[in-house]
Amino acid sequence: MASPATTLSPAPTKVAHPQFAFFEGQIVPIEDAKVSVMTHALHYGTSCFAGIRAYWNNQKEQLYVFRVRDHYRRFLQSCRLLMIDLPYSADDMVNITLDLIRHEEYREDIYIRPLAYKSFKGIGVRLHNLPGDFTLFTLPFGKYIENESGCHATVSSFRRVDDNAIPARGKLGGSYVNSAFAKTEAEMAGFDEAIVLTEEGHVSEGSASNLFIVRDGVAITPPITENILEGITRRTITQVLREDMGVPVVERPIDHSELYVCDEAFFCGTGVQLSVITRISHRPVGDGTTGPIAAELRDRYFDIVRGANDKYLHWCTPVY
Ligand code: PMP
């Protein structure tokens with residue numbers, strides 16, 4: 001059996017640097033987008049965010065933002081959970097995003113990071129009666145997981161935060177401490193990614209992605225009641241599997257041990273895109289190589305996000 005090819009995520013020496021941010025109601029130079037050390041969100045994790053990708057299509061000379069409205073709809077739900085009232089609708093934020101990207105004049109793949117946060121400067125743990133604000137920046141962006149086509153995952157000893165502790169269906173800043181524990185534990189043990197279980201011991205998701213397994217030609221993914229983020233990629237993939245590939249998709253709890261008997265497994269998310277898991281805790285998934293369903297799905301996914309599939313072009317918002 002091959003040994004894991006993992007290296008730790010590198011310390012961020014040279015981070016790609018945007019020129020601008022949307023901050024306190026306007027587009028400003030990135031150097032001017034700064035919050036106080038007293039900011040509530042910095043202390044208590046009272047922020048929520050989105051992670052959106054835009055893909056450069058060389059043939060069409062166009063940059064397409066993928067499912068941007070759906071991301072902002074979920075973002076507003078996260079704001080609602082945290083009682084952050086923004087003066088923007090989803091469509092307003094789409095327009096702000098397009099405007100900001102045009103300022104940067106990108107002609108490459110990028111990542112978009114909207115953030116809503118409790119901007120109150122002071123002490124006091126609570127959600128109510130605190131001001132909130134919205135900020136946004138963008139970055140050139142490639143792969144999130146180094147090993148996108150042969151990911152070696154392990155089952156984390158950290159359980160997923162429960163809905164009655166910190167709801168995972170919100171993309172809430174504080175809950176990413178849970179993800180960070182799982183990711184670091186996995187990487188420090190020589191794996192690429194963590195698979196996190198619920199308190200009941202069912203499969204929930206990756207540290208920053210949803211998960212599918214394939215058994216006997218059926219794709220299976222945990223339902224939204226298993227403390228997962230309600231992923232937009234998960235929805236995309238479910239639709240493509242069902243409508244375009246004729247693969248049935250079942251949403252049901254997945255037992256821990258199913259990870260060791262499934263034929264295929266993959267993570268999906270805006271960041272990880274579609275990362276095929278070829279080993280779980282040193283055991284091969286299926287025959288230990290990319291399976292046929294994941295392989296076809298990956299090709300279809302990248303065509304769709306890059307604006308090369310007319311059926312789904314309505315999910316791709318052109319920037320220019
Ligand atoms: N779960 C978690 C915990 C995540 O951070 C992400 C990435 N946003 C996902 C799932 C996948 O969500 P999406 O497909 O909407 O990016």
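Each ligand, and each atom within it, is numbered from 1 in the order the structure gives. Because only heavy atoms are used, hydrogens play no part in the values below, and waters and symmetry mates are left out as well, while side chains stay in.
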Would Tyr72 and Leu100 show up in the same hydrophobic cluster when neighbours are defined by side-chain heavy atoms closer than 4.5 Å? yes
Going by the ring pair (Phe, Tyr, Trp, His ring centres under 6.0 Å) test, name the single residue among Phe75, Phe23, Tyr117 that passes it with Phe134. Phe75
Provide the full list of salt bridge (charged side-chain N to carboxylate O under 4.0 Å, His left out) pairs with a residue in residues 306-320, sequence neighbours left out, each pair given once. Asp109-Arg306, Glu243-Lys311, Asp244-Lys311
Ring centres under 6.0 angstrom apart (Tyr176, Phe49): yes
Arg159/Thr198 under side-chain hydrogen bond (donor to acceptor under 3.5 Å, both in side chains): CA gap, chis, key distance, verdict: CA-CA 5 Å; Arg159 296 298 167 101; Thr198 62; 5.9 Å; no
Just list the N/O pairs, ligand 1 to protein, that are under 3.5 Å apart, with the distance for each.
from     : atom 1 : to     : atom 2 : distance (Å)
ligand 1 : 1 (N)  : Glu205 : OE1    : 2.6
ligand 1 : 5 (O)  : Lys171 : NZ     : 3.2
ligand 1 : 5 (O)  : Tyr176 : OH     : 2.5
ligand 1 : 8 (N)  : Lys171 : NZ     : 2.8
ligand 1 : 14 (O) : Ile232 : N      : 3.3
ligand 1 : 14 (O) : Thr233 : N      : 2.9
ligand 1 : 14 (O) : Thr233 : OG1    : 2.5
ligand 1 : 15 (O) : Arg74  : NH1    : 2.6
ligand 1 : 15 (O) : Arg74  : NH2    : 3.2
ligand 1 : 15 (O) : Ile232 : N      : 2.8
ligand 1 : 16 (O) : Thr270 : N      : 2.9
ligand 1 : 16 (O) : Thr270 : OG1    : 2.6

Kindly say whether Ile101 contributes a backbone atom to a donor-acceptor pair with the side chain of Thr138 at under 3.5 angstrom? no
